[in-house]
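Shown next, in structure tokens, is the structure this report addresses.
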Amino acid sequence: MGAYGVTPVQVINILANALSGIDSPEAAIILDIRLPRIILAGLVGMALATSGATMQAVLRNPLVDPFILGISAGAAFGCAITIGFLPMVPLQLMSFVFGGLAVLLACSMARSGGEMSRLSLVLSGVIVSALFTALLSMVKFLVDPMKLQSIVYWLMGSFALADWPQVRSAGIGILLSCLPIFLLRWRLNVISLGDEEARTLGVNVSRKRIIFIASATLAVTSAVAVSGIIGWIGLMVPHLVRMLAGPDHKRLIPLTMAGGATFMIFADTAARNISTADIPVGIITALAGAPFFIYLMRRGGAESWGK
């Protein structure tokens with residue numbers, strides 16, 4: 001779907017003969033513009049939703065999302081530095097470096113006596129997020145006005161510049177980060193019971209928490225580097241899947257991966273077709289997410305968490 005009409009039969013024929021090198025405007029639109037954009041939207045949606053479900057289980061807080069530890073603010077600051085001052089440095093590298101730095105700062109501040117409580121970690125994340133948000137504002141103030149426009153548009157979240165190199169670069173980071181979460185997803189059931197219960201069952205809580213937080217950080221920073229900041233996916237999709245399929249992370253994680261990818265693809269399709277202008281998808285997810293999340297909470301959010 002898009003401004004240029006292509007029938008489903010044409011799409012099937014183009015995809016079926018993609019390797020034969022079809023030379024037509026429709027083939028160029030499908031293979032070079034829409035297909036990489038759809039795949040990239042699916043990958044980003046999967047990364048954000050999976051990270052949200054992981055953070056909610058690790059921190060045992062249903063209201064956190066992938067950005068609670070300052071990941072988004074740190075990644076956004078790194079990307080803004082690249083766009084404004086260091087265009088020769090890869091965007092994904094700076095996003096991961098500063099997103100990881102944000103997590104390290106939050107975890108370091110939260111650790112006391114070898115332990116890391118959930119409350120301290122959340123509060124530390126708020127502080128780190130405020131710090132990097134202030135630094136991002138400083139970059140926006142100092143940067144060239146022409147580059148400022150690019151930074152502001154990028155911060156709204158968009159897949160307008162999606163291409164195959166972005167799919168490859170983001171796909172590697174997202175798939176590598178989601179794989180440990182998928183393979184260890186049953187451990188999230190134990191961690192979500194509480195630290196004492198998990199230790200009683202023989203789980204090294206601190207080690208597993210570091211693995212899950214590091215994997216979620218890599219997933220989010222890989223997504224932010226190619227799409228900007230897109231909110232609500234990591235908060236809304238895990239809640240919806242949890243209400244439909246239950247809290248067992250053996251089912252919750254794979255269904256959240258699929259649900260996040262599906263929701264993001266639909267949101268991006270709406271962003272491309274609502275008007276002739278390419279609306280940033282971050283606006284669409286915010287407009288859809290806020291009222292829908294209120295609806296979910298009123299209809300059964302408490303029951304889905306066993307309360």
Side-chain angles (χ1 to χ4, degrees), residues 47-80 95-139 155 177 181 187-188 190-199 203-221 223-224 229-239 242 247 249 286 289-290 293-294 297 301-302 305-307:
L48 297 178
T50 304
S51 300
T54 303
M55 290 293 186
Q56 289 165 15
V58 170
L59 301 180
R60 294 196 297 137
N61 188 336
L63 297 180
V64 303
D65 63 4
F67 306 144
I68 191 63
L69 299 181
I71 300 174
S72 68
F77 173 71
C79 292
S95 174
F96 178 72
V97 167
F98 283 95
L101 178 60
V103 173
L104 288 176
L105 289 175
C107 292
S108 298
M109 289 192 298
R111 185 174 295 277
S112 177
E115 298 294 331
M116 186 168 52
S117 69
R118 293 182 296 116
L119 179 59
S120 298
L121 189 59
V122 172
L123 292 176
S124 299
V126 172
I127 295 172
V128 172
S129 181
L131 171 63
F132 279 105
T133 300
L135 292 175
L136 177 59
S137 299
M138 182 66 70
V139 172
L155 289 174
S177 58
I181 297 175
R187 294 280 190 180
L188 291 172
V190 181
I191 293 177
S192 61
L193 296 174
D195 291 1
E196 293 299 328
E197 291 82 355
R199 291 192 186 95
V203 175
N204 189 324
V205 178
S206 298
R207 181 184 302 170
K208 291 299 185 295
R209 182 174 288 151
I210 290 173
I211 292 174
F212 284 122
I213 290 176
S215 298
T217 300
L218 177 58
V220 173
T221 55
V224 169
I229 296 179
I230 301 175
W232 289 99
I233 302 296
L235 187 63
M236 183 176 60
V237 173
H239 271 279
R242 192 178 290 109
H249 288 86
F293 184 66
I294 294 173
M297 293 295 291
W305 281 90
K307 298 180 180 179

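This chain uses plain numbering: 1 for the first residue, then up along the sequence.
What you find for Ala76 and Ile229 is that their closest heavy atoms are CB-CD1, 3.7 Å. Nearest approach of Leu48 to Ile230, heavy atoms of both residues: CD1-O, 3.7 Å. In terms of heavy atoms, Ala110 sits closest to Ser124 at N-OG, 3.5 Å. Residues His249 and Ser192 come closest through the heavy atom pair CE1-OG, 4.4 Å. For the pair Gly52 and Pro238, the tightest heavy-atom approach, listed with the atom from each and the gap, is C-CG, 4.1 Å. For the residue pair Pro247 and Arg242, the shortest heavy atom distance occurs at CA-CG, 4.0 Å.
Judged by distance alone, the side chain of Ser95 and the main-chain N or O of Thr221 form a donor-acceptor pair under 3.5 Å.
Once rounded to the nearest 0.5 Å, the distance linking OG of Ser51 with CD1 of Ile181 reads 5.5 Å. How far CG of Leu188 is from CE of Met55: 11.0 Å, rounded to the nearest 0.5 Å. Note that CG of Asn204 and CZ of Arg187 are 9.5 Å apart. Values are rounded to the nearest 0.5 Å. How far CD1 of Ile71 is from CZ of Phe96: 10.5 Å, rounded to the nearest 0.5 Å. How far CE of Met109 is from CG of Leu123: 9.5 Å, rounded to the nearest 0.5 Å. Of the inter-residue distances, the one linking Leu59 atom CG with Ile191 atom CD1 reads 10.5 Å to the nearest 0.5 angstrom.
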N/O donor-acceptor pairs under 3.5 Å from side chains in residues 131-139, not counting sequence neighbours:
unit_1: Thr133; atom_1: OG1; unit_2: Ser129; atom_2: O; d: 2.7
unit_1: Ser137; atom_1: OG; unit_2: Thr133; atom_2: O; d: 3.1

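Residues passing the side-chain contact (heavy atoms from CB on, under 4.5 Å) test with Leu193 are Glu197, Leu201, sequence neighbours excluded.
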